[in-house]
Amino acid sequence: PPRVVVLISGSGSNLQALIDAQGYDELGGGKIVAVVSNQPDAYGLKRAKEAGIEAVALPHREYDSREAFDGALIKVIERHEPHLVVLAGFMRILTPRFVQRFYGRLLNIHPSLLPAYQGLNTHARALADGVSEHGCSVHFVTEELDGGPVVLQAAVAVAEDDDEASLKEKVHAREHLIYPIAVRWFLEGRLRLEAQGPTLDATPLPPQGLR
Ligand code: GAR
């Protein structure tokens with residue numbers, strides 16, 4: 001089966017959605033072979049172990065530089081020869097070397113309707129702007145932070161009484177729906193980043209994705 005390595009930093013609820021999808025045979029026959037966290041106490045590592053998946057803590061603080069950390073991360077990942085590397089709440093900026101190494105097989109999920117609200121604190125910023133619609137995006141990772149081509153998005157309506165916590169929860173629920181779908185598409189070979197550049201060949205998808 002196609003091998004998937006998942007990188008996390010925290011709770012790992014998206015990781016759990018992927019584990020569950022694999023359990024229901026809804027991950028394109030793929031298998032999550034390892035979960036790596038830069039935060040040794042990340043709850044997601046427990047989720048991995050519980051599911052019988054190799055869980056690796058790789059504390060970034062033990063490395064002198066971003067380059068050194070990414071070098072170690074590349075080594076750990078490559079031991080598993082993954083077809084796909086999935087960033088699921090991995091809160092580290094990756095070096096160009098890392099991105100190039102896994103180019104075209106590196107997916108991320110971001111809690112906004114990209115290109116809106118790249119970076120951090122997306123829910124608070126969306127609320128402050130008074131937007132009526134917010135959401136999440138799965139995208140291929142390129143060297144431009146949160147700027148790679150979008151694969152799939154899900155939108156939520158922002159309610160009058162939404163606060164940061166409630167909005168975050170709504171968006172999270174959508175993340176758990178769309179990330180397994182995007183991963184499945186990739187592992188089924190339906191979703192590719194073309195070699196000549198960040199063009200997305202996803203012909204079977206509806207033009208607007210899942211909105
Ligand atoms: C998710 O909301 C994900 O979109 C976000 O971190 C959260 C991780 O939650 N990622 C980013 O902000 C990336 N810049 P989880 O650990 O429960 O999956």
Side-chain angles (χ1 to χ4, degrees), residues 4-23 27 32 34-51 53 55-60 66 69-70 73 84-95 98-99 102 106-128 131 133-156 158 162-183 209-211:
V4 181
V5 170
V6 181
L7 306 188
I8 62 164
S9 297
S11 154
S13 68
N14 279 286
L15 165 68
Q16 189 65 56
L18 295 167
I19 291 172
D20 293 347
Q22 180 182 316
L27 213 57
I32 303 167
V35 172
V36 186
S37 174
N38 66 302
Q39 300 285 6
D41 55 358
Y43 182 66
L45 287 175
K46 289 204 183 76
R47 298 184 193 265
K49 281 180 209 152
E50 208 129 293
I53 299 166
V56 183
L58 194 72
H60 63 273
R66 209 175 274 289
F69 172 69
D70 275 14
L73 188 55
L84 176 66
V85 177
V86 171
L87 307 180
F90 185 68
M91 303 305 280
R92 297 284 302 167
I93 292 173
L94 295 162
T95 57
F98 185 98
V99 173
F102 300 108
L106 189 54
L107 287 176
N108 183 41
I109 191 155
H110 184 80
S112 78
L113 293 172
L114 290 172
Y117 306 114
Q118 302 176 343
L120 299 174
N121 303 317
T122 57
H123 309 301
R125 286 153 61 208
L127 283 172
V131 297
E133 208 184 35
H134 186 48
C136 51
S137 309
V138 177
H139 67 95
F140 277 109
V141 176
T142 63
E143 285 182 37
E144 194 193 331
L145 187 67
D146 298 328
V150 170
V151 169
L152 180 58
Q153 296 183 311
V156 302
V158 180
D162 264 329
D163 58 14
E164 197 179 338
S166 67
L167 188 55
K168 184 176 173 177
E169 193 182 316
K170 281 186 193 172
V171 171
H172 245 114
R174 294 302 195 284
E175 292 185 29
H176 303 157
L177 287 177
I178 67 172
Y179 216 179
I181 292 171
V183 168
L210 253 198
R211 292 290 301 264

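The figures that follow rest on heavy atoms only: side chains count, while hydrogens, waters and symmetry mates do not. One-based numbering, in listed order, for ligands and for the atoms of each.
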**Study point:** Thr95 backbone acceptor or donor facing Asp70 side chain under 3.5 Å
**Key:**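 Looks like yes, one N/O pair under 3.5 Å.
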
Check your understanding: Is the side chain of Ser137 donor-acceptor paired with the backbone N or O of Gln153 at a distance under 3.5 Å, no angle test?
Key ->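 No, the answer is negative, given that no donor and acceptor are paired below the 3.5 Å cut-off.
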
Classify the side-chain pair [X]/[Y] by whether it contains a donor and acceptor separated by less than 3.5 Å.
X: Arg47; Y: Ser13; value: no
X: His134; Y: His123; value: yes
X: Thr122; Y: His110; value: no

Check your understanding: With respect to atom 1 (C) of ligand 1, which of Arg174, Glu175, Arg47, His110 exhibits the smallest heavy-atom separation?
Key ->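 Looking at heavy atoms only, the winner is Glu175.
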
Review point. For atom 9 (O) of ligand 1, which of Gln118, His172, Lys168, Arg92 has the closest heavy atom?
Key: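 The nearest heavy atom belongs to His172.
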
Does [X] come within less than 4.0 angstrom of ligand 1, counting non-hydrogen atoms of the residue?
X: Ile109; result: yes
X: Gly12; result: yes
X: Met91; result: yes

In the protein, which heavy atom is nearest to [atom], and how far is it?
atom: atom 17 (O) of ligand 1; result: Ser13 OG, 2.5 Å
atom: atom 12 (O) of ligand 1; result: Pro111 CD, 3.4 Å
atom: atom 6 (O) of ligand 1; result: Gly89 CA, 3.7 Å

Review point. Can you tell me how far the CD atom of Glu175 sits from the SG atom of Cys136, to the nearest 0.5 Å?
Key: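 Taking CD in Glu175 and SG in Cys136, the distance rounds to 5.0 Å.
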
